[in-house]
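Reckoned from all heavy atoms, side chains included, excluding hydrogens, waters and symmetry mates.
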Amino acid sequence: MNRWMKIVYDEATKGMLSNEGGPFGAVIIKDNKIIASAHNEVLKTKDSTAHAEMNAIRKACKELDSFDLSDCILYTSCQPCPMCLGAIFWARIGTVYYGATEDDAARGGFDDKRFYEMMAGQNSDLVMKQIDHKEGAELFDMWLEKSNRKIY
């Protein structure tokens with residue numbers, strides 16, 4: 001087993017067996033060193049965003065004092081869900097290694113595959129309606145006027 005994936009596996013096992021969350025673990029590596037490791041803590045924190053990848057990204061950003069993790073690699077026990085994938089994009093992580101697939105997660109009772117299908121326009125019962133566009137768009141005008149804005 002890959003040495004980083006072994007740490008991921010151990011994180012996932014620790015979180016799962018302590019009933020802190022599902023069977024998910026993640027580790028972020030930079031320059032061949034561990035920057036952050038985490039497991040799913042949804043049950044422990046009662047926070048639906050406390051996925052292993054999200055927790056590892058938060059820890060790595062804090063450790064590196066940066067929102068940009070473009071020089072890091074993420075190892076994760078399962079193919080990232082859409083939320084975690086979005087966080088991976090925002091963190092600018094360029095390489096992700098994963099173990100199990102969205103089909104494995106579905107077999108375990110998790111909705112990752114269904115959410116990917118919903119994002120593709122299939123089987124979605126989510127209602128999204130735009131309102132107050134003018135006011136929302138004005139926020140970007142104010143943003144563009146800020147001389148000290150920092151793009152991320």
Side-chain angles (χ1 to χ4, degrees), residues 1-131 136-137 139-140 143 149-152:
M1 183 173 216
N2 174 283
R3 73 180 189 160
W4 305 123
M5 288 301 278
K6 174 68 172 119
I7 294 167
V8 166
Y9 179 89
D10 291 345
E11 274 286 348
T13 302
K14 179 172 73 172
M16 176 179 53
L17 294 181
S18 63
N19 293 320
E20 293 183 358
F24 304 99
V27 66
I28 295 180
I29 306 299
K30 178 181 177 183
D31 298 330
N32 217 26
K33 294 179 189 160
I34 296 174
I35 302 303
S37 64
H39 56 266
N40 184 292
E41 295 183 343
V42 168
L43 299 175
K44 175 184 175 183
T45 62
K46 298 180 182 39
D47 176 354
S48 58
T49 69
H51 290 196
E53 298 92 337
M54 300 291 287
N55 292 339
I57 288 169
R58 288 179 183 125
K59 286 180 180 181
C61 288
K62 186 174 183 178
E63 177 67 24
L64 297 174
D65 193 28
S66 177
F67 56 80
D68 183 351
L69 303 180
S70 59
D71 50 359
C72 296
I73 298 171
L74 171 67
Y75 290 81
T76 183
S77 60
C78 188
Q79 183 177 356
C81 75
M83 175 185 67
C84 292
L85 185 59
I88 290 163
F89 288 146
W90 278 110
R92 307 299 193 244
I93 296 171
T95 303
V96 176
Y97 294 99
Y98 65 91
T101 66
E102 63 186 34
D103 289 320
D104 296 313
R107 184 171 55 85
F110 296 92
D111 288 328
D112 305 48
K113 184 174 183 171
R114 185 172 78 85
F115 293 156
Y116 272 111
E117 290 170 352
M118 289 171 65
M119 289 176 63
Q122 307 163 9
N123 306 319
S124 178
D125 52 1
L126 175 66
V127 176
M128 287 186 59
K129 296 182 180 185
Q130 183 185 34
I131 61 171
L139 291 171
F140 290 96
W143 169 255
R149 74 180 178 277
K150 183 167 179 149
I151 300 295
Y152 54 94

Discussion item. Do E41 and D47 make a side-chain contact, defined as non-hydrogen atoms from C-beta onward lying under 4.5 Å apart?
Written reply: no

Discussion item. Can you confirm whether I34 sits close enough to W4 that some side-chain heavy atom of one is under 4.5 Å from a side-chain heavy atom of the other?
Written reply: yes

Fill in: Spacing of C72 atom SG and D31 atom CG [to the nearest 0.5 Å]
8.0 Å

Fill in: Minimum heavy-atom distance between E11 and G25, given as atom pair plus value
CB-CA, 4.2 Å

Worksheet, complete the sentence: Of all heavy-atom pairs linking E102 and Y116, the shortest is OE1-CD1, 3.2 Å

Worksheet item: When you look at Y9 and N2, which way does the side chain to side chain contact (heavy atoms under 4.5 Å, CB included) test go after all the steps?
Response: CA-CA 10 Å; Y9 179 89; N2 174 283; over 6 Å; no

Worksheet item: Is there a donor-acceptor pair closer than 3.5 Å between any side-chain N or O of K113 and the backbone N or O of A105?
Response: no

Discussion item. Using side-chain heavy atoms (C-beta onward) and a distance below 4.5 Å, is W90 in contact with F67?
Written reply: no

Discussion item. Quick one, L139 with W143, criterion side chain to side chain contact (heavy atoms under 4.5 Å, CB included). Give me CA distance, side-chain angles, the key distance, then yes/no.
Written reply: CA-CA 6 Å; L139 291 171; W143 169 255; over 6 Å; no

Worksheet item: Under 3.5 Å, is there a donor-acceptor pair linking the side chains of D10 and T13?
Response: no

Worksheet item: Between A60 and I28, what is the shortest heavy-atom contact and its length?
Response: CB-CD1, 3.7 Å

Practice prompt. For the pair N55 (side chain) and A52 (backbone), establish whether a donor and an acceptor sit closer than 3.5 Å, ignoring hydrogens and angles.
Written response: no

Response to the item:
Minimal heavy-atom distance between S77 and M5, with the atoms involved, is CA-CE, 4.4 Å

Worksheet item: In Å, rounded to the nearest 0.5 Å, how long is the span from CD of Q79 to OG1 of T101?
Response: 6.5 Å

Fill in: Straight-line distance of K62 NZ to K59 NZ, nearest 0.5 Å
10.5 Å

Worksheet item: Which of these passes side chain to side chain contact (heavy atoms under 4.5 Å, CB included) with H51: V42, D112, T76, I57?
Response: V42

Worksheet, complete the sentence: When every non-hydrogen atom of T45 is compared with those of A50, the smallest separation belongs to OG1-CB, 3.5 Å

Worksheet entry | Distance in Å, D111 CG paired with E117 CD, rounded so as to fall on 0.5 Å steps | 10.0 Å

Worksheet item: Donor-acceptor pair, E20 side chain versus K44 backbone, under 3.5 Å?
Response: no

Practice prompt. Determine whether N40 and F110 make a side-chain contact, defined as any pair of heavy atoms from C-beta on separated by less than 4.5 Å.
Written response: no

Worksheet entry | I35 and I29, any side-chain heavy atoms less than 4.5 Å apart | no

Worksheet item: Should T49 and M83 count as side-chain neighbours, where that means a heavy-atom distance under 4.5 Å?
Response: yes

Worksheet item: Once you round to the nearest 0.5 Å, how far does OG1 of T95 lie from CD1 of I93?
Response: 9.5 Å

Item to complete: Anything under 30° is parallel, anything over 60° is perpendicular, the rest tilted; go ahead and classify Y75 against Y97.
Response: parallel

Worksheet item: Would you say the side-chain atoms of S66 and D68 include a donor-acceptor pair closer than 3.5 Å?
Response: no

Practice prompt. Compare every heavy atom of I88 with every heavy atom of V96, then report the nearest pair and how far apart it is.
Written response: CG2-CG2, 3.9 Å

